[in-house]
Protein chains: 2
Amino acid sequence: MVYQDPAGLDRLFHALSDPTRRAMLQALTDDEQKIGDLAKPFAMSFAAASKHVRVLEGAGLVSRRIEGRAHICRIEPAPFAAIDQWLSFYARFWGGRLDTLEALLRADDIPQASTREDKT
Amino acid sequence: MVYQDPAGLDRLFHALSDPTRRAMLQALTDDEQKIGDLAKPFAMSFAAASKHVRVLEGAGLVSRRIEGRAHICRIEPAPFAAIDQWLSFYARFWGGRLDTLEALLRADDIPQASTREDKT
DNA sequence: GCGTTATTAAACCATATGGTTTATCAAGAT
DNA sequence: ATCTTGATAAACCATATGGTTTAATAACGC
C-alpha cells in the first residue's frame, strides 16, 4: 500500500531542488507554455533552460506535446500527489491537517502509541 | 507570513532527493538516534553517513544534541510544514490533500486508480 | 595513562550537475 | 529556395555531490 518508487522520489525531489525549475513549474500553473516562453524569464541560455525542462519531464512533473516546431509543456498533477503522500507519513510530527485522520488510517500498523511530542 | 526562502527549499528538496537520507529520516520517526545508529543500516562508511546527516541538518530536517561522545539526532517538524505549504500552492489545481486522503481511505475497499502514479 | 568508542576533518576521487557555445534539424514565413 | 524561429545535440567546463581512506579529537572504561 502507498508504495512509492524510491528512484522516482529521487528524481522528483531533485527536480524540485532547483529554483529555476520551481519557477518554471509555477509558470506552468497559469497555462501551458512553449519551452521558449518558459526560458525567457531566466538569465541563462535557451539550451540551459531546455535542459531544466527535460529534468522536470524526467521527474514526471511536466509533459510535452509537439505542435509544429513548438514544444508545449503542461504541468502534470500526479507527482504532487506522490509528494503529498510521502509527506503524510510525517504529518504526525508537525501537526499537518492530515494528522488526526492519518493517525486513524495507520492505527492498525502502529505497534504502540508514540509518546513523542514535538513542539519546536 | 507565507514566505519561503528559495535557498531553503533548494536545500530542503536536495536533502530529500537521496534515498539514504530519506531512510534516515524515516528511522528518526521512531525515536532519536545516535549518528552511529543512523549509519549502521547502510552499506557505506561511517564518514559518508555522517555527511548525509549533516546535509539533513543543513536543511533543518534534523537537529543534533551532543551527549558525551554521542551525537543524538532528532527529526525537526518545521521543514515538513514548509513543504506542505509549498505543495498547497499546487493543490489548487491537482485536487489537494483531501482527495489523496480519501483515496487512501478507500484504498482498502476500492481497487480503483487513486492518486498513485509511481511504478515508472 | 591506555585502549576503545563516537564522531569530525581533511585529502582525494569519480561522477553528476548546471552552465556555456557551437552545430544541427525541422517547421513557418517570405 | 531562403531566411528565421523553436528546439535538440554535442562538446566542453567548473563546481557540487557522494563516496573513499586516513588522520585527528574527545569521551568513556579499565
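So that the names make sense, note that chain A is the first sequence line, chain B the second, and so on, each numbered from 1. Computed from heavy atoms alone, side chains included, the values below leave out hydrogens, waters and symmetry copies. Since this is a predicted model, take the numbers as computed values, not measurements.
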Among [options], find the nucleotide with the atom closest to the side chain of [X].
| X | options | value |
| --- | --- | --- |
| A:Met44 | C:dG19, C:dG18, D:dG18 | C:dG19 |
| A:Lys34 | D:dG6, D:dT21, C:dT21 | D:dG6 |
| A:Ser45 | D:dT20, C:dT7, C:dT21 | C:dT21 |

Q: Find the distance between CG (A:Asp84) and CG (B:Asp84) and round it off to the nearest 0.5 Å.
A: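 Spacing of CG (A:Asp84) from CG (B:Asp84) equals 7.0 Å.
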Specify the separation, in whole Å, of atom [atom1] of [X] and atom [atom2] of [N].
| X | N | atom1 | atom2 | answer |
| --- | --- | --- | --- | --- |
| B:Asp18 | C:dT15 | CG | P | 18 Å |
| A:Asp10 | D:dT17 | CG | P | 15 Å |
| B:Phe46 | D:dA24 | CZ | C1' | 14 Å |
| A:Ile35 | D:dT5 | CD1 | P | 18 Å |
| A:Lys40 | D:dG6 | NZ | C1' | 10 Å |
| B:Phe13 | C:dT17 | CZ | P | 17 Å |
| A:Phe42 | C:dT20 | CZ | C1' | 18 Å |
| A:Ile66 | D:dA7 | CD1 | C1' | 9 Å |

Q) Think A:His14 has a side-chain N or O under 4.0 angstrom from the OP1 or OP2 of C:dG18? A)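 Answer is yes, contact under 4.0 Å.
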Q. Do A:Thr20 and A:Met44 have side-chain heavy atoms sitting under 4.5 Å apart?
A. yes
Q: Using a 4.5 Å cut-off on heavy atoms from C-beta on, say whether the side chain of A:Arg74 contacts that of A:Leu28.
A: no
Q: Check whether any side-chain N or O of B:Arg21 sits under 3.5 Å from a backbone N or O of B:His14 as a donor-acceptor pair, and report yes or no.
A: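 It does hold such a pair.
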(Q) Between B:Ser45 (side chain only) and B:Ala48 (backbone N and O only), is there a donor and an acceptor less than 3.5 Å apart? (A) yes
(Q) What I want to find out is whether A:Glu67 reaches A:Lys34 closely enough, with some N-O distance under 4.0 Å, to be called a salt bridge. (A)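 Between A:Lys34 and A:Glu67 there is no salt bridge, as every charged N stays at least 4.0 Å from the carboxylate O atoms.
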Q.
Does this structure show an ion pair linking B:Asp10 with A:Arg22, if we count only N-O contacts that are shorter than 4.0 Å?
A. yes
Q.
Can you list, in residue-number order, the parts of residues 48-58 of chain A that come under 4.0 Å of DNA chain C, counting heavy atoms only?
A. A:Ala48, A:Lys51, A:His52
(Q) Within the 4.0 Å limit for protein heavy atoms, which parts of nucleotides 22-30 of chain C are touched? Write it as a string from 5' to 3', B for base, S for sugar-phosphate only, - for none. (A) -----BS--
Q: Mind telling me whether A:Trp86 and A:Phe13 have parallel, tilted or perpendicular rings, with 30° and 60° as the class edges?
A: perpendicular
(Q) Would you say A:Leu9 ends up clustered with A:Leu16 if hydrophobic residues are merged whenever their side chains have heavy atoms under 4.5 Å apart, either directly or through other cluster members? (A) yes
